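The structure appears right after this line, and notes come after that.
Letters A, B, ... are given to chains in the order of the sequence lines, protein chains preceding strands, and every chain is numbered from 1. Everything numeric here is computed off the predicted structure, so don't read it as measured data.
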Amino acid sequence: MELDPVTEAFYAFAEALASTLGVERGEVERLIVKPPREEYGDYGFPLMRYARARGVEPREAVERVSETLRERGIDWASIELAGGFANLKVDAARAAGRLFKLLEKGWIPGPPRVEEPQVIVVEHTSANPIHPLHMGHARNSALGDALSRLLAARGHRVNRRFYINDAGLQAAYAVLGFKILGLDPLEAAESAGVKPDELVGWVYASTYTAVEAEAAKRSGAPREKLEELALHLARLEEAEPVTGALSRILDYMASSEDPEAEAAKILREVEFRVEPTASLARRVAEAALKGIRETLERLGVSFDAWDWETDLLWSGRVARILEEARRSRFYTRHKGAEALDIPRIVRELVEPDPEARASIKLPRGFEVPPLILTRSDGTTLYTTRDLAYTLYKYEVTGADRVINVIGAEQRLPQLQLRLALLGLGYRREALNLIHYDYEMVNVPGRRMSSRRGIIVAVDEILDEVKARAVEEVRARNPGAPREWIEDVAERIAVGALRFALLRTSAPRPITFDPEKALDLKENSGPYLQYTYARTVGILSKHGPIDYGSADPRECAEPPRRGLMIEALRLPVVAARAADSLAPEDLAVFLLGLADRFNSWYQKESVIHDPNPASRECKAALVELTKRSLEAGLTLLGIPLTPRM
RNA sequence: GGGCCCGUAGCUCAGCCAGGAUAGAGCGCCGGCCUUCGGAGCCGGAGGUCCCGGGUUCAAAUCCCGGCGGGCCCGCCA
């Protein structure tokens, strides 16, 4: 990929510093910052930190770096020493000349490709196929998809996978419900006129709550507990998609010998593929998945593969890893159950291995508990199956790295998973497995509990934001066709949601206030979409840019220069966001770029400028901004619209 | 009880990992632009004990130790 002059200068600067100081290039690249004030330069490196330690005179280092740049033919950038920093300063006029040629050729900004591309699996979303996607999943999808896009743009071969957890206890409750009701999930959803994932979600919550209520009644639970459950059941009955469904489930539980054992029985039958339960389980998961896929499609999130947990069981892969575990020297019994001795793995394999210690962050003063492999009835646990799944992901893709986008609440099992892999001799797989964890999404005033059927659905939020966007778009485009308004409003809703979920770094919890998401103001996805639409509008009024008459020197004027340099930071920002798995860095950068463009545009007229030398130069800057925003937003999975 | 994560302006968040250049944005608030190359915009202003206390350092929002507050986890759930 061809580099713009600013990015080319950045990498040459980094390389020159690295060789001059004898520091690894990656380290230098990481430490280069945008100076706090524009006068200092366009990129700065804290030289004094190294100059002293390496015994290199700062002045001499700057001299050598400048020399290297000249040798490489980069005559549009210079280095200055100031405040202990080596600052790279781009000559805007010369850089603009080179930039115009690129723009004319149709060049699109983007992160430079890495020299050694990897095969990277990104497993994300992987929602239990028993209810619609909720806001937590939306964050997972937004992160997983943005990471995938960034890594792919960086030149890696990315494989996006959705893991269908259809063999767990939660899924068993949904299956149990459908078995009691004698309904085919998809047919029932269709005839009830509800989205299939909603129907499955209702059946799951009702069955789960009914079991709990019956068990509570029999065990003589306190009155408050019974009342609370009765309240939940009343609410579920009100939302009943199939008439009489709840009372049928309740009656069944009332006459069951042991309600709590019912789901366990289903679980067993699914795991060991006992018909007809196994087939019903598939149909339940497929129905839920149909709804989930629709939501994902709305969000613009796609996958390369959908992996069934039951396939891992039924193909014998889980049994195989279980056998390996049993033969392992770390095999043990924990409270009577089959387990892997994680504390011993830590002592024998992690502590003496510096690389493993660095890769696997162990909590201090806390012993990671043994990993239980099977229940006493012989069925496996989630992490046991995930062991098989992780190896499967490596095996079918030849992956160098596997990234699991999974909520922070699963840190402990994900840590156990990596340690277990290490114990079973899969060191490479363990050390290259990344748990990309993120905190929850809180919605004010709404407590979520999918077990009670109380969820804040992605569809619901999207519809809410879209309804508001429809009004806004209609008001601004009187007489526009209805379908066009709908389409634009949908893009705005998706953009608003995805941006809100990406701009905060993953380890911080998000409070998602639908009221504020509806407020399509600055610092939002729609603000970026609006700025993009603005560039498109200006350019279409201006017509084709005549690069021949544009004077590059006109781009050296302070406000124009700043905009140009800023827009040309995109490649480096995107590369860093990809390498450090931090899409929020790109999101924050795009806001700054939009601010800068809007601010500049307020001051200078583009199409009314009578002087072609400056007019075409300014039009080129609008074109550059448009392409940078387009590239950046696309990397984040935020849809664009030329008009809104 | 223990572990992990978070704590920066009234609110939402950058900066922290890899210590250094006057701590930054946006929202909200106050005052302007109101002759729209797209006002979902622009300009200006007020607003900060960087949770607290120690320590390391020439230099700490950033590193270390001890607290405080919030969230999550410590299940034969996931």
Subject >> Thr125(A) and Ser141(A) side chains, donor-acceptor separation under 3.5 Å >> reply: yes
Subject >> Separation between the P atoms of rA46(B) and rU35(B), rounded to whole Å >> reply: 28 Å
Subject >> Presence of donor-acceptor pair under 3.5 Å, side chain of Asn87(A) and base of rA21(B) >> reply: yes
**OP:** Please work out whether the ring planes of His134(A) and His131(A) are parallel, tilted or perpendicular, with thresholds of 30° and 60°.
**Re:** tilted
Original post:
Hey, is Arg615(A) close enough to Glu554(A) for a salt bridge, meaning N to O under 4.0 Å?
Top reply: no
Using a cut-off of under 3.5 Å, enumerate the N/O to N/O pairs linking the protein to nucleotides 10-13 of chain B.
residue	atom	partner	partner atom	Å
rC11(B)	O2'	Lys516(A)	NZ	3.3
rU12(B)	O2'	Arg503(A)	NH2	2.7

Original post:
With a non-hydrogen cut-off below 4.0 angstrom, is Arg643(A) in contact with a base, only sugar-phosphate, or nothing?
Top reply: base
Subject >> Euclidean distance, atom CG of residue Leu586(A) to atom C1' of rA14(B) [Å, nearest integer] >> reply: 14 Å
Original post:
How long is the line joining CG of Leu563(A) and P of rC42(B), in whole Å?
Top reply: 13 Å
Original post:
Rounding to a whole Å, what distance do you find between Asn598(A):CG and rA25(B):P?
Top reply: 16 Å
**OP:** Considering only atom P, compute the distance from rU49(B) to rU56(B) and round it to an integer number of Å.
**Re:** 26 Å
Original post:
For Ala339(A), which contact category applies under a 4.0 Å heavy-atom criterion: base, sugar-phosphate, or nothing?
Top reply: nothing
Original post:
Given the C1' atoms of rG24(B) and rU62(B), what is the spacing between them in whole Å?
Top reply: 15 Å
**OP:** Send over the distance from Leu31(A) CG to rU62(B) P, rounded to a whole Å.
**Re:** 18 Å
**OP:** Quick one: label Gly407(A) by what it contacts on the DNA or RNA (base, sugar-phosphate, nothing), any heavy atom closer than 4.0 Å.
**Re:** nothing
**OP:** Could you tell me whether the side chains of Arg560(A) and Ser614(A) share a donor-acceptor contact shorter than 3.5 Å?
**Re:** no
Original post:
About how many Å separate OH of Tyr389(A) and OH of Tyr163(A), when rounded to the nearest 0.5 Å?
Top reply: 7.0 Å
Original post:
Which pairs with one or both residues in residues 489-502 of chain A pass side chain to side chain donor-acceptor pair (under 3.5 Å), sequence neighbours excluded?
Top reply: Asp145(A)-Arg498(A), Arg298(A)-Glu490(A), Lys466(A)-Glu490(A), Asp487(A)-Arg491(A)
Subject >> Span that lies between the C1' atom of rG19(B) and that of rA61(B), in whole angstrom >> reply: 10 Å
**OP:** Would you mind building the protein contact string for nucleotides 72-78 of chain B? One character per nucleotide, 5' to 3', B for base within reach (heavy atoms under 4.0 Å), S for sugar-phosphate only, - for untouched.
**Re:** SSS-BBB
Original post:
Distance between the C1' atoms of rC58(B) and rA40(B), in whole angstroms?
Top reply: 49 Å
**OP:** Classify the nucleic acid contact of Pro46(A) as base, sugar-phosphate or nothing, counting any heavy atom under 4.0 Å across all strands shown.
**Re:** nothing
Original post:
Rounded to whole angstroms, how far apart are OH on Tyr40(A) and C1' on rG20(B)?
Top reply: 12 Å
Original post:
Taking CD1 from Ile342(A) and C1' from rG3(B), how many angstroms apart are they, rounded to a whole number?
Top reply: 16 Å
Original post:
Tell me: CZ of Arg596(A) to C1' of rA25(B), nearest whole Å?
Top reply: 13 Å
Original post:
Which part of the nucleic acid, if any, lies within contact of Pro370(A), taking any heavy atom under 4.0 Å across all strands shown: a base, the sugar-phosphate backbone alone, or nothing?
Top reply: nothing
Original post:
Taking the same atom, P, in rC65(B) and in rC4(B), what whole-Å distance lies between them?
Top reply: 10 Å
Original post:
Hey, is the side chain of Tyr527(A) poking within less than 4.0 Å of OP1 or OP2 on rC42(B), counting only N and O atoms?
Top reply: yes
Subject >> Rounded distance in Å between the P positions of rC33(B) and rC51(B) >> reply: 39 Å
Original post:
Can you pull the salt bridge (charged side-chain N to carboxylate O under 4.0 Å, His left out) pairs that have at least one residue in residues 367-387 of chain A, sequence neighbours excluded?
Top reply: Arg268(A)-Asp377(A), Glu309(A)-Arg385(A)
Original post:
Could you state the CZ-C1' distance from Arg30(A) to rA18(B), rounded to the nearest angstrom?
Top reply: 6 Å
**OP:** Give, ordered by number, those residues of residues 610-617 of chain A having at least one heavy-atom distance below 4.0 Å to an atom of RNA chain B; if nothing qualifies, reply none.
**Re:** none
Subject >> Nearest-angstrom distance, C1' atom, rG45(B) to rG3(B) >> reply: 47 Å
**OP:** Identify the nucleotide, in any strand shown, that forms a Watson-Crick or G-U wobble pair with rG24(B), with both distances under 3.5 Å; if there is none, say none.
**Re:** rC13(B)
Subject >> Within 6.0 Å of CZ in Arg326(A), more than 12 heavy atoms from elsewhere >> reply: yes
Original post:
Who is the Watson-Crick or G-U wobble partner of rU57(B), with both distances under 3.5 Å?
Top reply: none
Original post:
Does OP1 or OP2 of rG41(B) have a side-chain N or O of Arg476(A) closer than 4.0 Å?
Top reply: no
Please tabulate, one pair per line, each protein N/O and nucleotide N/O from nucleotides 33-37 of chain B that are separated by under 3.5 Å, including the distance.
residue	atom	partner	partner atom	Å
rC37(B)	O3'	Lys541(A)	NZ	3.3
rC37(B)	O2	Val606(A)	N	3.3
rC37(B)	O2	Ile607(A)	N	3.1
rC37(B)	N3	Val606(A)	N	3.0
rC37(B)	N4	Tyr601(A)	O	2.5
rC37(B)	N4	Glu604(A)	O	2.3

